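Note that the structure is predicted; figures quoted are calculated from it, not measured.
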Protein chains: 2
Amino acid sequence: MERPLDRNSYVPLYAQIQQKLRQMIDRGEIAPGAPVPSERELAERYGVSRMTARQALRALRQDGLVYRERGIGTFVARRKVDVHTRNLVGFSEDMRQRGLAPSSKLIALRRERATQQVAAELGIAAGEEVFHLERLRLADGTPMAYETNYIPASLCPDLETYDLERDSLYRILEEEHGIRMQSADEVLEAARAPRREARYLSIRAGSPVLVVHRVVYGDNGRAIESVRTIYRADRYRATFHLTKNTL
Amino acid sequence: MERPLDRNSYVPLYAQIQQKLRQMIDRGEIAPGAPVPSERELAERYGVSRMTARQALRALRQDGLVYRERGIGTFVARRKVDVHTRNLVGFSEDMRQRGLAPSSKLIALRRERATQQVAAELGIAAGEEVFHLERLRLADGTPMAYETNYIPASLCPDLETYDLERDSLYRILEEEHGIRMQSADEVLEAARAPRREARYLSIRAGSPVLVVHRVVYGDNGRAIESVRTIYRADRYRATFHLTKNTL
DNA sequence: TAGTGGTCTAGACCACTAT
DNA sequence: TAGTGGTCTAGACCACTAG
């Protein structure tokens, strides 16, 4: 028999089902290509309506863990690329998902007035106060990326009190300030490493680098931060899982 | 009064509502930051249940067009980056969305036996027949990318009969062969342009390029194609819209 | 208090696939 | 024919936010 769901939990039922299925897939209990229980079977097994079971499967498909075939069933996807779905995680979590230990070296942290460009990116007025943060990002102790963040000072006035060499900015914003990230726009491009950043990254100036510019939005639709991350091209690849829209 | 939905159409009701809202947003009839009709209002206005209206709004959020705040409402997102959501489109459609005219120069198209690596990417046996396609991709007549595709020959045995300089591979697969793309894994990295591709792209060998490797999966979970696209770094940026998972 | 989005129910019909 | 996923209904309760 199946362990029942916790109906008093704050975790929605569909999320609990999703989590159970995700575990079974991760542990290999359901092999790639093998069918996942159908919506109706999940509904019966866990004592929920079919719409609830369906919601769990939809989220798994969104993450690329399963694919669905109408009239046939839902199956565990055969992953080719090792996709760390990049569901809006920061550098620390990204590295952990890749099995690497993240760390940082603080280069700069100061309050300053937003330039026209930064203000436009963050949707605030030019001249408003922002935190300007620069960190060298390491994975297993070796330089991986150079990251520059701009965060509206009003969102997190006490940012200077945290240890940004060890702590995760996203963790601080999310857990300490209740700022929930909802979505982000990312632009990726290839470039030559600028002299200054190249020195920190221990590469030659002009070497190819992957530049990722990201603006993160909160659940109120307002920008939380603007980040530019310069990755060593020889150490980093960005991975994505794309799905056809209209669920 | 509102134009009613077409209940006999093959287009689902939620997709029709989604389309109407998308138009209103695109035309600027609902300004960024302004509220979209609530789920209950859409339900009443179009004579559908709330769950159906909800499905329309969910898809719009997934695309980053709106954001939702519980207890308050749904609002048109204030886009900072011009995101062409890259919902699994090919080069042709990508360029069109950027307002550029795509064209191609066919470099090679031949049947060959899949190497170990290509076979692994496509999930077929090494030695099985694949089409090997190479094209120089142009936007408004200037070189933008060099693209190499591998497609299992069994999927589209008559590929050679199409004009791959003018036609879209995705269109051929989708419309002529009923192969529906469902998802894809993408890996992006920065690199130096190899000599051969650099010549086609009219750049110096060693210049930075953005290399995008993509494996596309159909709705049966099987790989449809493996593509490697080398973009000129000075002409192309890849844009993405990321969302927090669990809808 | 009224309105919102988030979750959930217990059904229903459909097109599709495999047997 | 039986089972699947896709769509849809007409309700419900909840936590949340605003006035």
Side-chain angles (χ1 to χ4, degrees), chain A residues 4-19 21 34-62 66-77 178 180 182 218-221 243-247, chain B residues 4-19 21 34-62 66-77 178 180 182 218-221 243-247:
Chain A
L5 303 178
D6 179 1
R7 301 192 85 98
N8 297 319
S9 166
Y10 287 107
V11 179
L13 297 178
Y14 75 87
Q16 294 182 44
I17 296 172
Q18 182 190 344
Q19 195 181 347
L21 289 173
V36 156
S38 74
E39 297 176 353
R40 289 168 178 82
E41 185 178 338
L42 287 173
E44 192 186 8
R45 182 187 297 189
Y46 293 113
V48 298
S49 78
R50 191 183 147 213
M51 286 298 277
T52 301
R54 181 173 179 72
Q55 202 166 354
L57 292 175
R58 179 167 46 206
L60 289 175
R61 186 179 78 173
Q62 197 65 27
V66 303
Y67 63 92
R68 320 192 69 183
E69 246 177 311
R70 75 197 306 166
I72 309 191
T74 303
F75 306 88
V76 176
R180 289 168 299 186
Q182 222 266 301
D219 54 5
N220 60 359
T243 50
K244 200 118 180 152
N245 62 352
T246 59
L247 326 174
Chain B
L5 304 179
D6 179 2
R7 302 191 84 98
N8 297 319
S9 166
Y10 287 107
V11 179
L13 298 178
Y14 75 86
Q16 295 183 43
I17 296 173
Q18 181 191 343
Q19 195 181 346
L21 289 173
V36 156
S38 73
E39 296 176 353
R40 288 167 179 85
E41 186 178 339
L42 287 173
E44 192 187 4
R45 182 185 298 187
Y46 294 113
V48 299
S49 79
R50 192 182 144 212
M51 287 298 278
T52 301
R54 182 175 179 69
Q55 202 167 353
L57 292 174
R58 180 166 47 209
L60 289 175
R61 186 178 77 174
Q62 197 66 28
V66 304
Y67 62 92
R68 320 192 68 182
E69 249 178 306
R70 77 195 306 164
I72 308 193
T74 303
F75 306 88
V76 177
R180 287 168 299 186
Q182 222 265 301
D219 54 6
N220 60 357
T243 50
K244 199 115 182 157
N245 63 351
T246 59
L247 327 172

inquiry  = On a heavy-atom basis, which atom in A/Ile17 and which in A/Tyr46 lie closest, and how many Å separate them?
reply    =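 Reported closest heavy-atom pair: CG1-CD1, 4.0 Å.
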Starting at [atom1] of [X], measure out to [atom2] of [Y] and round the result to the nearest 0.5 Å.
X: A/Met51; Y: B/Met51; atom1: CE; atom2: CE; result: 3.5 Å
X: A/Leu42; Y: A/Thr52; atom1: CG; atom2: OG1; result: 11.0 Å
X: A/Gln55; Y: A/Gln18; atom1: CD; atom2: CD; result: 9.0 Å

What is the separation between atom [atom1] on [X] and atom [atom2] on [N], rounded to the nearest whole Å?
X: A/Glu39; N: C/dC8; atom1: CD; atom2: C1'; value: 15 Å
X: B/Tyr67; N: C/dT4; atom1: OH; atom2: C1'; value: 14 Å
X: A/Gln55; N: C/dG5; atom1: CD; atom2: P; value: 16 Å
X: B/Phe75; N: C/dG5; atom1: CZ; atom2: C1'; value: 11 Å
X: B/Leu57; N: D/dC8; atom1: CG; atom2: P; value: 14 Å
X: B/Glu69; N: C/dT4; atom1: CD; atom2: C1'; value: 11 Å
X: B/Leu42; N: D/dC8; atom1: CG; atom2: P; value: 14 Å

Partners passing side chain to side chain contact (heavy atoms under 4.5 Å, CB included) against [X] (at least two apart in sequence or in another chain):
X: B/Arg70; value: none
X: A/Glu41; value: A/Pro37, A/Ser38, A/Arg45
X: B/Asn8; value: B/Asp6

task = Give the nucleotide from the list D/dT7, C/dC8, C/dG5 with an atom nearest to the side chain of A/Tyr14.
result = C/dC8
message = Please determine whether a side-chain nitrogen or oxygen atom of A/Arg54 lies at a distance below 4.0 Å from atom OP1 or OP2 of D/dG5.
response =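 So the side-chain polar atoms of A/Arg54 never come under 4.0 Å of the phosphate oxygens OP1 or OP2 of D/dG5.
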key: Phosphate-side-chain proximity, B/Ser38 and C/dG3, N/O vs OP1/OP2 below 4.0 Å   = no
ask   = Does B/Arg50 have any side chain to side chain donor-acceptor pair (under 3.5 Å) partners at least two apart in sequence or in another chain, and if so, which?
value = B/Glu39
task = For nucleotides 9-19 of chain C, just jot down a letter per nucleotide in 5' to 3' order: B, S or -, based on protein non-hydrogen atoms under 4.0 Å.
result = BB-B---BBS-
ask   = Under a 3.5 Å cutoff on both atom distances, Watson-Crick or G-U, what's the dot-bracket for DNA chain D ([ ] crossing, | other strand)?
value = ||||||||||||||||||.
inquiry  = Which residues pass the salt bridge (Lys or Arg N to Asp or Glu O under 4.0 Å) test with B/Arg180, not counting sequence neighbours?
reply    = B/Asp219
